[in-house]
Amino acid sequence: MKLTFHYLAILNLLDGLLSFLGLNLSLMQEANPIMNELYTIHPFLFLTVKATFSIVLYLFIIYNKIPTKLWFKSLTYLASTLYTATLFLHVAWIYQAFN
């Protein structure tokens, strides 16, 4: 599970940076209404919240407090899968915009 938390933390940061780039260049729209509102308030707030999520994941790792229940593991793997798909979409949109 530690590896999955590392993976999620990195994906979250990459998602934040690619979303920021895509939104800033008007290449995409933020689908998450909460994150969209944060970006609307201030892009730095958007990036700060994304970074904070990754820091929280690393705190779970550092303090060895990663939950081990089956439902939590399943949710973590689902989040990893969805985040991976989202990252590929962002890369595709940005790539397509520059070609």
Side-chain angles (χ1 to χ4, degrees):
M1 280 295 287
K2 281 186 181 182
L3 184 60
T4 306
F5 267 49
H6 282 289
Y7 183 69
L8 273 173
I10 292 166
L11 278 181
N12 182 57
L13 286 176
L14 285 173
D15 174 60
L17 293 173
L18 290 174
S19 293
F20 174 78
L21 177 66
L23 292 168
N24 205 25
L25 298 174
S26 299
L27 303 175
M28 66 177 90
Q29 294 180 339
E30 178 61 55
N32 180 334
I34 295 170
M35 295 309 291
N36 187 51
E37 185 63 28
L38 292 175
Y39 185 84
T40 302
I41 293 169
H42 199 283
F44 183 71
L45 179 60
F46 172 87
L47 288 173
T48 301
V49 169
K50 294 295 278 186
T52 301
F53 288 157
S54 290
I55 290 168
V56 168
L57 287 170
Y58 276 113
L59 288 174
F60 275 100
I61 294 168
I62 291 167
Y63 290 106
N64 202 26
K65 297 291 184 184
I66 299 172
T68 58
K69 295 194 183 279
L70 180 60
W71 69 267
F72 190 83
K73 285 183 180 184
S74 299
L75 188 62
T76 303
Y77 293 135
L78 176 63
S80 296
T81 303
L82 293 174
Y83 244 136
T84 301
T86 301
L87 187 68
F88 279 118
L89 280 174
H90 287 174
V91 170
W93 289 333
I94 292 170
Y95 177 79
Q96 194 174 36
F98 287 112
N99 273 335

Report yes or no: do Met35 and Phe44 belong to one cluster of Ile/Leu/Val/Met/Phe/Trp/Tyr joined by side chain heavy-atom distances under 4.5 Å? no
Qualifying residues under side chain to side chain donor-acceptor pair (under 3.5 Å), relative to Thr76, sequence neighbours excluded: none
Quick one: does Ser74's side chain get under 4.5 Å of Leu78's, heavy atoms only? no
Do Met1 and Thr68 come close enough that some side-chain heavy atom pair is under 4.5 Å? no
Do Glu30 and Tyr39 come close enough that some side-chain heavy atom pair is under 4.5 Å? no
Cluster overlap Leu3 with Leu13, hydrophobic side-chain contacts below 4.5 Å: no
Take Lys2 and Asn64, measure what side-chain contact (heavy atoms from CB on, under 4.5 Å) needs, and give me the verdict at the end. CA-CA 9 Å; Lys2 281 186 181 182; Asn64 202 26; 3.6 Å; yes
Determine whether Ile66 and Phe60 satisfy the following criterion, side-chain contact (heavy atoms from CB on, under 4.5 Å), listing intermediate values before the conclusion. CA-CA 5 Å; Ile66 299 172; Phe60 275 100; 4.1 Å; yes
Donor-acceptor contacts under 3.5 Å from residues 15-24 side chains, at least two apart:
from, atom 1, to, atom 2, distance (Å)
Asp15, OD1, Ser19, OG, 3.4
Asp15, OD1, His90, ND1, 3.1
Asp15, OD2, Lys50, NZ, 2.7
Ser19, OG, Asp15, O, 2.7

Test applied, side-chain contact (heavy atoms from CB on, under 4.5 Å); reference residue, Asn36; option that passes from Thr40, Ile34, Leu38, Asn32: Thr40
May I ask you to check whether over 12 heavy atoms, not counting those of Tyr77, lie within 6.0 Å of atom OH? yes
Verify same cluster id: Leu14, Phe88 (apolar side-chain graph, 4.5 Å): no
To which residues is Tyr63 joined in a hydrophobic cluster, defined by side-chain heavy-atom contacts under 4.5 Å among Ile, Leu, Val, Met, Phe, Trp and Tyr, whether direct or through other members? Ile55, Leu59, Ile62
If you take all heavy atoms of Ser80 and Leu8, which pair is closest and at what distance? OG-CG, 3.5 Å
Once you round to the nearest 0.5 Å, how far does CE of Met28 lie from CD1 of Ile94? 4.0 Å
Trp93 side chain reached by Leu27 side chain, heavy atoms, under 4.5 Å: no
Leu82 with Phe5, same ILVMFWY side-chain cluster at under 4.5 Å: no
If you measure from CZ on Phe53 to CG on Leu11, what distance do you get to the nearest 0.5 Å? 14.5 Å
To the nearest 0.5 Å, what is the distance between CG (Leu45) and CD (Glu37)? 9.5 Å
Over all heavy atoms of both residues, which pair between Ser54 and Ala9 is shortest? Give the atoms and the distance, please. OG-O, 2.8 Å
Single-linkage hydrophobic cluster, 4.5 Å side-chain cutoff, Leu89 and Tyr95 together: no
